[in-house]
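Side-chain atoms are counted along with the backbone in the values below, which use heavy atoms only and exclude waters and symmetry mates. Letters A, B, ... mirror the listed sequences (proteins, then strands); counts begin at 1.
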Amino acid sequence: MPTGFQKKVWQKIKNIPKGKVSTYKLLAFAIKKKKAYQAVGQALKKNPFWPKVPCHRIVKSNGELGGFSRGKRVKKRLLEKEEIGFKKNKIIDFKKYLYRF
DNA sequence: GTCGTGACTAGCC
DNA sequence: CGGCTAGCCACGA
């Protein structure tokens, strides 16, 4: 049973174009709750739509992968599939791929 | 109504 | 760069 908050989060994520990524922080900011970044993470974790909602494009502010319900390995692969480079668990040239809402 | 938990962040050491 | 802490928010028990 999606809550209003969750719907907003997912809706925003759907706006992220292929080959781009965003952060929990920016996402929270986009829905007028700039300090709810952790809550955003919970919304993604409960996301019933996958991969309809590209939650794998959401990473931590420092460019690291962050978490992922289905395993970081999968998340990493999905991003590499979109031509995003990785160095261990960090995105190479993070700002270059960063999508600002 | 209160408490614990978490896919977080920023600050400090 | 790594580790720890406090702060913030939504959600379920």
**Study point:** Distance test, side-chain N/O of A:K45 to OP1/OP2 of B:dA7, below 4.0 Å
**Key:**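 Yes, A:K45 has a side-chain N/O under 4.0 Å of OP1/OP2 on B:dA7.
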
Review point. Hey, is the side chain of A:S69 poking within less than 4.0 Å of OP1 or OP2 on B:dA7, counting only N and O atoms?
Key: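 It does not, given that no N or O in the side chain of A:S69 lies less than 4.0 Å from OP1 or OP2 of B:dA7.
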
In this structure, how many angstroms lie between the [atom2] atom of [N] and the [atom1] atom of [X], rounded?
X     : N      : atom1 : atom2 : value
A:I13 : B:dA7  : CD1   : P     : 15 Å
A:K25 : B:dG11 : NZ    : P     : 8 Å
A:K35 : C:dG7  : NZ    : P     : 12 Å
A:N89 : C:dG2  : CG    : C1'   : 15 Å
A:N47 : C:dC11 : CG    : C1'   : 16 Å
A:Q38 : C:dA10 : CD    : P     : 12 Å
A:K88 : C:dC1  : NZ    : P     : 11 Å
A:L65 : B:dT9  : CG    : P     : 12 Å

Practice item. List the steps and the verdict of salt bridge (charged side-chain N to carboxylate O under 4.0 Å, His left out) for A:K20 and A:E82. Key: CA-CA 8 Å; A:K20 291 280 187 178; A:E82 301 188 355; over 6 Å; no

Residue [X], side-chain atoms from C-beta onward, closest of [options]:
X     : options              : value
A:Q6  : B:dC8, C:dC11, C:dC9 : C:dC11
A:Q42 : B:dC8, C:dA10, B:dA7 : C:dA10
A:F5  : C:dC8, C:dA10, B:dT9 : C:dA10

Under 4.5 Å between side-chain heavy atoms, counting indirect links through other Ile/Leu/Val/Met/Phe/Trp/Tyr residues: same cluster for [X] and [Y] or not?
X     : Y     : answer
A:F94 : A:L27 : yes
A:I84 : A:L78 : no
A:I58 : A:V21 : yes

Practice item. Measure centre to centre between the rings of A:Y99 and A:Y97, then say whether the value is under 6.0 Å. Key: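 Aromatic pair excluded; centres sit 6.0 Å or further apart.
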
**Study point:** Closest non-hydrogen atom pair, A:C55 against A:N47
**Key:**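 So the two residues come closest at SG-ND2, 3.7 Å.
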
Review point. For DNA chain C, which consecutive runs of 3 or more Watson-Crick or G-U pairs (each distance under 3.5 Å) count as stems?
Key: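 Stem segments, range with range: B:2-6 with C:9-13, B:8-13 with C:2-7.
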
Point to revise | Residue whose closest nucleotide on DNA chain C lies nearer the 5' end, A:T3 versus A:Y37 | key: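 Result: A:Y37.
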
Practice item. Under 4.0 Å between any heavy atoms, over every strand shown, what does A:A36 touch: base, sugar-phosphate, or nothing? Just pick one. Key: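 Counting heavy atoms under 4.0 Å across all strands, the contact made by A:A36 is with sugar-phosphate only.
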
Exercise for review: Name the nucleic acid region contacted by A:K34, choosing base, sugar-phosphate or nothing; use a 4.0 angstrom heavy-atom cut-off, strictly under.
Suggested key: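 A:K34: no heavy atom of the nucleic acid under 4.0 Å.
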
Point to revise | Intermediate values then yes/no, side-chain contact (heavy atoms from CB on, under 4.5 Å), A:L44 and A:F68 | key: CA-CA 9 Å; A:L44 298 192; A:F68 197 61; over 6 Å; no

